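Keep in mind that this is a model prediction, so the values were computed, not measured.
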Amino acid sequence: MHKFISIIAKPIGYLLSIYDDIIGDRIMTFIQMVNSYRYSRHIKIKGSDITIRKDAKIIGAKWMEIGSCLVIGNRVTFSTWPLPNHDNKFAKLRVGNNCRFGDDSHITASNYIEIGNNLLTGKKILITDNSHGKCIKEELNIAPIQRKIYSKGPVKIGNNVWIGDNAIILPGVNIGDGAIIAANAVVTHSIPSGVIAGGNPAKIIRKIN
């Protein structure tokens, strides 16, 4: 058996080296198709053309509503964790049409996150409406993982928003239409429409004329 494997290994390796790019592309396309089908069966999809790339994770899909032409990048996580005593019949995460989420990003909702149309994000962004605990003195003796999930408030992101690499959008924040959130920004307060915001905490850098 080992002799047979050694005989066929070399020609197979040679062929793979020749057609590596073609085979790799086809395998990746197949994986994306499988991922997209597997998750889209559970998500309330209002449109079509959903692409979910390699190693993406969708947790709590039944509490999500998605528009058309969504692209979820490699290793992106979408998760919903409904809070106790909330009406869990309704979506916790709503995403509009033509949205693109960069690789290694994390969107997590337990209260409510609404994202408008045409969002574009860089890599490794975080959008969250929740935290482990309320960050109060009474919780200091409790391991963070054991603290109850708490939401300061919902997150709303308007249409045509661009969020740069490594940006963080925290609970209770509204971001207006057409806003640009700079790379590495930490958004702790609401940002109006038509501005560029950056820094930690994020502040308005200038208005877009």
(request) Scan side-chain atoms only and decide if Asn98 and Asn117 contain a donor-acceptor pair under the 3.5 Å cut-off. (result) no
(request) Evaluate side-chain hydrogen bond (donor to acceptor under 3.5 Å, both in side chains) for Asn159 paired with Asn118, printing each intermediate quantity in order. (result) CA-CA 6 Å; Asn159 299 317; Asn118 308 313; 5.9 Å; no
(request) Output yes when a side-chain donor or acceptor of Asp129 lies under 3.5 Å from a complementary backbone atom of Asn111, and no otherwise. (result) yes
(request) Check whether any side-chain heavy atom of Asp104 lies under 4.5 Å from a side-chain heavy atom of Thr77, and answer yes or no. (result) no
(request) Compute whether any side-chain donor of one residue and acceptor of the other, for Thr128 and Thr108, lie under 3.5 angstrom apart. (result) no
(request) Output the distance between atom NZ (Lys203) and atom NE2 (His189), rounded to the nearest 0.5 Å. (result) 10.5 Å
(request) Measure across Gly116 and Cys99 and return the closest heavy-atom pair with its distance rounded to 0.1 Å. (result) O-SG, 3.2 Å
(message) Side chains of Ile127 and Ile113, heavy atoms from C-beta outward: is any pair under 4.5 Å?
(response) yes
(message) Please check this pair: side chain of Ser190 against backbone of Asn174, looking for a donor-acceptor N/O pair closer than 3.5 Å.
(response) yes
(request) Over all heavy atoms of both residues, which pair between Ala185 and Gly198 is shortest? Give the atoms and the distance, please. (result) CB-CA, 4.0 Å
(message) For Ile149, is there any backbone N or O sitting under 3.5 Å from a side-chain donor or acceptor partner on Asn130?
(response) no
(message) Between Thr121 and Gly102 (side chain of the first, backbone of the second, donor and acceptor by atom type, cut-off under 3.5 Å), is there such a pair?
(response) yes
(request) Return the minimal non-hydrogen interatomic distance between Ile50 and Gly67, and the atom names on each side. (result) CD1-O, 3.4 Å
(message) I'd like to check Ile115 versus Ile157 (side-chain heavy atoms, cut-off strictly below 4.5 Å). Are they in contact?
(response) yes
(request) Answer whether the closest heavy-atom distance between the side chains of Val155 and Ile169 falls below 4.5 Å. (result) yes
(message) Check whether Glu139 reaches the backbone of Cys135 with its side chain - one donor and one acceptor, N or O, closer than 3.5 Å.
(response) yes
(message) If you define the side chain from C-beta out and look only at heavy atoms, does anything of Val186 sit under 4.5 Å from Pro201?
(response) no
(request) May I ask whether Val195 and Ile181 are part of the same hydrophobic cluster, defined by side-chain heavy atoms of I, L, V, M, F, W, Y residues being less than 4.5 angstrom apart, directly or through others? (result) yes
(request) Work out which heavy atom in Ile208 is nearest to a heavy atom in Gly178; give both atom names and the distance. (result) CD1-O, 4.0 Å
(request) Report yes or no: do Ile205 and Ile180 belong to one cluster of Ile/Leu/Val/Met/Phe/Trp/Tyr joined by side chain heavy-atom distances under 4.5 Å? (result) yes
(message) Starting from Val71, can I reach Ile66 by hopping between I/L/V/M/F/W/Y residues whose side chains sit under 4.5 Å apart?
(response) no
(request) Applying side-chain contact (heavy atoms from CB on, under 4.5 Å) between Ile72 and each of Ile107, Ile58, Thr51, Asp103, report the one that passes. (result) Ile58
(message) Applying ring pair (Phe, Tyr, Trp, His ring centres under 6.0 Å) as the test, list every pair that has at least one member in residues 93-131; sequence neighbours left out.
(response) Phe78-Phe101
(request) Write down the atom of Ser151, the atom of Ser110, and the distance for their closest heavy-atom approach. (result) CB-OG, 4.2 Å
(request) Could you state whether Leu126 and Ile59 fall into the same hydrophobic cluster, counting links through intermediate Ile, Leu, Val, Met, Phe, Trp or Tyr residues with side-chain heavy atoms under 4.5 angstrom apart? (result) no
(message) Salt bridge or not between Glu114 and Arg94? Use side-chain N to carboxylate O under 4.0 Å.
(response) no
(request) Salt-bridge test for Asp165 and Lys123: reply yes if a basic N is under 4.0 Å from a carboxylate O, no otherwise. (result) no
(message) Whether the side chain of Ser105 engages the backbone of Ile125 through a donor-acceptor N/O pair (distance < 3.5 Å, no angle test) should be reported.
(response) yes
(request) Would you indicate whether the side-chain heavy atoms of Ile175 and Ser193 approach each other to under 4.5 Å? (result) no
(request) Kindly check if the number of other-residue, nucleotide or ligand heavy atoms within 6.0 Å of CD1 (Ile145) is above 12? (result) no
(message) Just so I know, are the side chains of Thr188 and Val173 near enough to count as touching, which here means a heavy-atom distance under 4.5 Å?
(response) no
(message) Donor-acceptor check, side chain of Arg100 to backbone of Cys69, threshold 3.5 angstrom: yes or no?
(response) yes
(request) Please list all pairs passing the ring pair (Phe, Tyr, Trp, His ring centres under 6.0 Å) test where one or both residues lie in residues 127-174, with sequence neighbours left out. (result) none
